[in-house]
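One structure is given below, encoded as structure tokens.
Every chain is numbered from 1, with letters handed out A, B, ... down the list of sequences.
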There are 2 protein chains.
Amino acid sequence: MVLARLILGLLCLAPMTGYELKKHFDSSINHFWNADKAQIYRTLAQLVDKGYATVTTVAQSNYPDRQEHHITDAGRQALVGWLSDGAAQGTERDPFMGQVFFAAELPREDIDQLLSERRVKTQAVLDDYLSQREGIDMRAAADRRSFLMAATLDHAIRQQAAELEWLDAVMEHLP
Amino acid sequence: MVLARLILGLLCLAPMTGYELKKHFDSSINHFWNADKAQIYRTLAQLVDKGYATVTTVAQSNYPDRQEHHITDAGRQALVGWLSDGAAQGTERDPFMGQVFFAAELPREDIDQLLSERRVKTQAVLDDYLSQREGIDMRAAADRRSFLMAATLDHAIRQQAAELEWLDAVMEHLP
DNA sequence: AGTAAGTGGGTGCAAAATCAACTAAATATG
DNA sequence: CATATTTAGTTGATTTTGCACCCACTTACT
């Protein structure tokens, strides 16, 4: 149900097609959520028949018709309701930590490899986030909306950086 | 399918019942994964009919019979296979970041409340992790297995600590 | 001219995860 | 004495997610 709220949030910024929503998920939302195309279209349909959004078909000259989804007042209310609702702090799930937890079953060199591979990937993710942040840095402090959006990216950056430090510590002290 | 591997990992440490597995998930695994009771029992059944585990019914005097699950060689192989497999770095999902991302829809005081409530919860989670770590600290450096298990807890601690810092920064600079 | 990539929208299916209840006996707590 | 909690496991229904396809048309690349 988080996905439904996130979509409402995006529709709150501007009316959009499922296709555009997917692009937003892949570009600006990817540091804290990801969503499958099919899931997006299905959730959109649900939002419409719950009355949280409406659809308008907009014809285009060259490209396919846009099924433009607009948030309704009920949708806006649902969004605000979710936003102020203390969200149960669901346990973060990290498959990689599962691997580390049981990695003692592996020979030493495989453990080292597991960790250093992860380090490379984490660094790559961090670099990606850092380059994303470059495009917004200046104007971020300006209005509250941009500030908060940028803040979530900063969070992701801090998390990745903390993981790098942790990886280095583990690799150094592993008996 | 991460759950299946995690269960295999635990069965690799000792034969166990579904009930005991659930307790392990709630106590020592909770900082990076959580699992529903029903899901554990169903996954156990799958493991058995894939040949990754076997069941032995052990009668007890006062309590219900134990369905003790033992890992097989095939199971151990499957576990090791997963452990050394570079696991696709699935995007971490964090509903709270979704709330922050769209929090500008809320009045200022509600945003402050959202953040400070989160701060309290994060601090509580951190304290829980810190107290968990106290029980293992000394012997952790000893063998590799304990070290790695403790390391995942350290990771969670670092993540929570980083989040606290981030929350403070956001609360301080929010326009 | 042919092939890829982009725009836009879907369907079908299976696995994974969640919620809620239900059984049943023992032991601990008030 | 009554009520919770612990031990142990199970069932059903529903949701969420992921993967793999499919359509049709347009623009860009080579």
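Within the structure, a side-chain polar atom (N or O) of A/Q39 is placed less than 4.0 Å from OP1 or OP2 of D/dG18. In this model, the phosphate group of D/dG9 is not approached by any side-chain N or O of B/Y19 to a distance below 4.0 Å at OP1 or OP2. Using a 4.0 Å cut-off, no side-chain N or O of B/Q60 falls inside it from OP1 or OP2 of D/dT7. The phosphate of C/dA17 has OP1 or OP2 within less than 4.0 Å of a side-chain N or O from A/R93. Here B/T17 reaches the OP1 or OP2 of D/dG9: one of its side-chain N or O atoms lies under 4.0 Å away.
By the salt bridge (charged side-chain N to carboxylate O under 4.0 Å, His left out) test, A/E117 is found to be paired with no residue, residues two or more places apart in sequence or in another chain being considered.
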Kindly give the atom pairs (protein nitrogen or oxygen, nucleotide nitrogen or oxygen) under 3.5 Å for nucleotides 26-29 of chain D.
unit_1: D/dT27; atom_1: OP1; unit_2: A/N62; atom_2: ND2; d: 2.7

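For A/R5 against A/A78, the heavy-atom pair with the smallest separation is NH1-CB, 3.5 Å.
With DNA chain D read from its 5' end, the first of the two nearest nucleotides for A/K37 and A/W33 is the one closest to A/W33. Heavy-atom distances to DNA chain D give each of B/K23 and A/A38 a nearest nucleotide, and the one nearer the 5′ end belongs to B/K23.
With D/dG18, D/dA8, C/dG8 as the choices, the nucleotide that has an atom nearest any side-chain atom of B/P64 turns out to be D/dA8.
One can place NZ of B/K22 at 13 Å from P of D/dT6, the figure rounded to the nearest angstrom. Going from atom CD of A/E20 over to atom C1' of C/dT7 covers 10 Å, rounded to whole Å. One atom, OH of A/Y41, and another, C1' of D/dC22, lie 13 Å apart when rounded to the nearest Å. Rounded to an integer number of Å, the gap from A/H24 NE2 to C/dT7 C1' is 15 Å.
Atoms CG and CE, from B/D154 and B/M149 in turn, are 14.0 Å apart once rounded to the nearest 0.5 Å.
No engagement by B/A35 is indicated, since no non-hydrogen atom pair under 4.0 Å with the nucleic acid exists. Base contact: A/R42 has a heavy atom under 4.0 Å from a base atom.
Annotation: cation-pi geometry satisfied between B/R118 and B/F96 (NZ/CZ under 6.0 angstrom from ring centroid, within 45° of ring axis).
Within the hydrophobic cluster formed by Ile, Leu, Val, Met, Phe, Trp and Tyr side chains joined at under 4.5 Å, directly or through other members, A/Y19 is accompanied by A/Y41.
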